[in-house]
2 protein chains.
Amino acid sequence: MSDKKQQLLEASIDLFAREGFWNTSTASIAKHAGVATGTLFNYFPSKDALIDAVYMHLKHEWLQHIQRDYPVRADIKSRLEHIWYRNIDWGVRFPERYNLKQQLSLSGVLGAEAVDYEAEELAFLHELIQEGFNQGIFKEMSVDYFNSMVMAEMDATVRYATAQGLKDMALARLIALSSDVLWSGVAR
Amino acid sequence: MSDKKQQLLEASIDLFAREGFWNTSTASIAKHAGVATGTLFNYFPSKDALIDAVYMHLKHEWLQHIQRDYPVRADIKSRLEHIWYRNIDWGVRFPERYNLKQQLSLSGVLGAEAVDYEAEELAFLHELIQEGFNQGIFKEMSVDYFNSMVMAEMDATVRYATAQGLKDMALARLIALSSDVLWSGVAR
DNA sequence: CCCTAGAATGACTAATCAGTCAACCCCTAT
DNA sequence: ATAGGGGTTGACTGATTAGTCATTCTAGGG
């Protein structure tokens, strides 16, 4: 990815998180990125396309963070705990990015491409859940619902940890607690 | 509340849900409500104030719905189940309203007044949770965190039910399942 | 040193927006 | 009948916006 494109994405994330995407002008993004307004439209055909790109960029970073050191061969619980820990870690470390990502996915501004991108990359989580069901360790429910539940509880945990400014020990304790709440909720 | 004010709120909810609040013009709201643009500003000093009012209106409706037939004297679990059921019922019956309300609360557009309004009316849920802690039936965690968890799981359930178009029996089964997941997650 | 192609520029435009205000309408009290 | 006043109107304004495009710049091959 070219320098300028990267700068434009970074500037967009900054400003979107600070002011909201709906009242951040393309002019201010270009200025903040240190390029001319016309340049923005060399890289992104429209503001909507830029927003989509920002979303996909954030999602990609997030997934990269989660998949780091993913213990492919470990048992289900350990793998789920890895995802749990890494997700919350990302959310707490980059609260503006985390929040922006959530906001974009709820806002209804994303184009079809960005929405499709969603499911595709989360395949490894789906597989993990499916495997759990095959082994009969979870209560009976659909994979999709299980997945929503996991995401929702992670989200609640990230928000709480960020609001309280939890770090280190206190954060580790919250993560352990939340993981326990999830597991005892969904396990048979 | 005057007729026109009610019409303006209703029109705003419609259009905000359909197009997003950030690209719904005050002119289109007035038109949709059957009044002149100037009239809107007789009732709301600015678009921001209108958005706040929409949020508070939705929140009020939601709380009214939840508190209907609230079994004040029942035990903790029953009361929590009542809230659970009534919340999901509202979300599934009014998906655009539900979604708009969530979107507004995440968007950062709400003024201080609307945000304060939040905590105040949820007092009865806080009390319920606190009572549960006093009785020692929940795992050790903060009331706020418990509260976020409850909201997050309800949210996941509403979203899933809406996405799948669940009704009647299927919906009742999902509600029972989700309630069980929550309870076995948080209970000691 | 020159030439060319693609990247970068920023002044510009056409459209849209929130909010204003002078005029008007209609109801009520005198 | 008339005066007054609060509610309603919609044309209007000044500001802002996404996106364009003629022009300038730059890097690299000949």
Side-chain angles (χ1 to χ4, degrees), chain A residues 1-58 100 103-104 107-115, chain B residues 1-58 100 103-104 107-115:
Chain A
M1 179 147 35
S2 83
D3 259 17
K4 300 245 152 100
K5 193 167 182 178
Q6 190 75 34
Q7 286 164 27
L8 282 163
L9 283 173
E10 220 41 68
S12 300
I13 291 169
D14 257 30
L15 295 173
F16 286 174
R18 200 141 21 99
E19 313 281 346
F21 61 88
W22 63 87
N23 58 17
T24 297
S25 66
T26 52
S28 70
I29 294 168
K31 190 172 180 182
H32 200 253
V35 303
T37 68
T39 304
L40 188 154
F41 293 95
N42 285 347
Y43 290 99
F44 307 96
S46 68
K47 190 185 179 184
D48 281 343
L50 170 62
I51 292 173
D52 281 7
V54 164
Y55 179 72
M56 289 190 285
H57 183 75
L58 288 175
L100 177 57
Q103 213 176 283
L104 287 174
S107 66
V109 281
L110 299 176
E113 191 197 358
V115 173
Chain B
M1 180 149 33
S2 83
D3 259 18
K4 300 242 155 105
K5 193 167 183 180
Q6 190 75 35
Q7 285 163 27
L8 282 163
L9 283 173
E10 220 42 67
S12 301
I13 292 169
D14 257 32
L15 294 172
F16 286 174
R18 201 143 18 101
E19 313 280 346
F21 62 88
W22 63 87
N23 58 17
T24 297
S25 66
T26 52
S28 70
I29 293 168
K31 190 172 180 183
H32 199 252
V35 303
T37 68
T39 304
L40 189 155
F41 292 95
N42 284 346
Y43 290 99
F44 306 97
S46 68
K47 190 185 181 183
D48 281 344
L50 170 60
I51 292 174
D52 281 8
V54 164
Y55 179 73
M56 289 190 284
H57 183 75
L58 288 174
L100 177 57
Q103 212 176 285
L104 287 174
S107 66
V109 281
L110 299 176
E113 191 198 357
V115 173

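Just so it is clear: chains get the letters A, B, ... in the order the sequence lines come, proteins before strands, and each one is counted from 1.
For B/L40 and C/dT20, the CG to P distance is 12 Å, given to the nearest whole Å. The CG atom of A/N42 sits 17 Å away from the P atom of D/dA18 (whole-angstrom rounding). Whole-Å rounding puts the A/K31 NZ to C/dA11 P distance at 12 Å. Spacing between atom CG of A/D48 and atom C1' of D/dT17 amounts to 13 Å, rounded to whole angstrom units. Counting to the nearest Å, the C1' atom of D/dT17 and the CZ atom of A/F21 are 16 Å from each other. Look at CZ on A/F41: it is 10 Å from C1' on D/dT17, rounded to the nearest Å. D/dA18 atom C1' lies 13 Å from atom CG of B/N23, rounded to whole Å. Atom OH in B/Y43 sits about 9 Å away from atom C1' in D/dT8, given to the nearest Å.
Side-chain N/O atoms of A/K4 include none lying less than 4.0 angstrom from OP1 or OP2 on C/dA7. OP1 and OP2 of D/dT16 both lie 4.0 Å or more from every side-chain N or O belonging to A/S25.
Tested against B/F21, the residues B/L50, B/L104, B/V54 include a single side chain to side chain contact (heavy atoms under 4.5 Å, CB included) partner, B/L104.
Checked by atom type and distance alone, the side chain of A/T24 pairs as donor or acceptor with a backbone atom of A/G20 at under 3.5 Å. Not one N or O on the side chain of A/D52 forms a donor-acceptor pair closer than 3.5 Å with the backbone of A/L110.
Looking at which nucleotide of DNA chain D each of B/G34 and A/W22 is closest to, the 5′-most match is held by B/G34.
Inter-residue side-chain proximity for A/Y43 and A/L8 is flagged as met; some heavy-atom pair is nearer than 4.5 Å. Looking at A/H32 and A/R18, their side chains come closer than 4.5 Å, going by heavy atoms from C-beta outward.
Nucleic acid contact for A/T24: sugar-phosphate only, since backbone atoms but no base atoms lie under 4.0 Å from a heavy atom of the residue. Residue A/T37 is in base contact, counting any heavy-atom pair closer than 4.0 Å across all strands shown.
Listed candidates were D/dA18, D/dT9, C/dT9. Nearest to the side chain of A/K47 is D/dA18.
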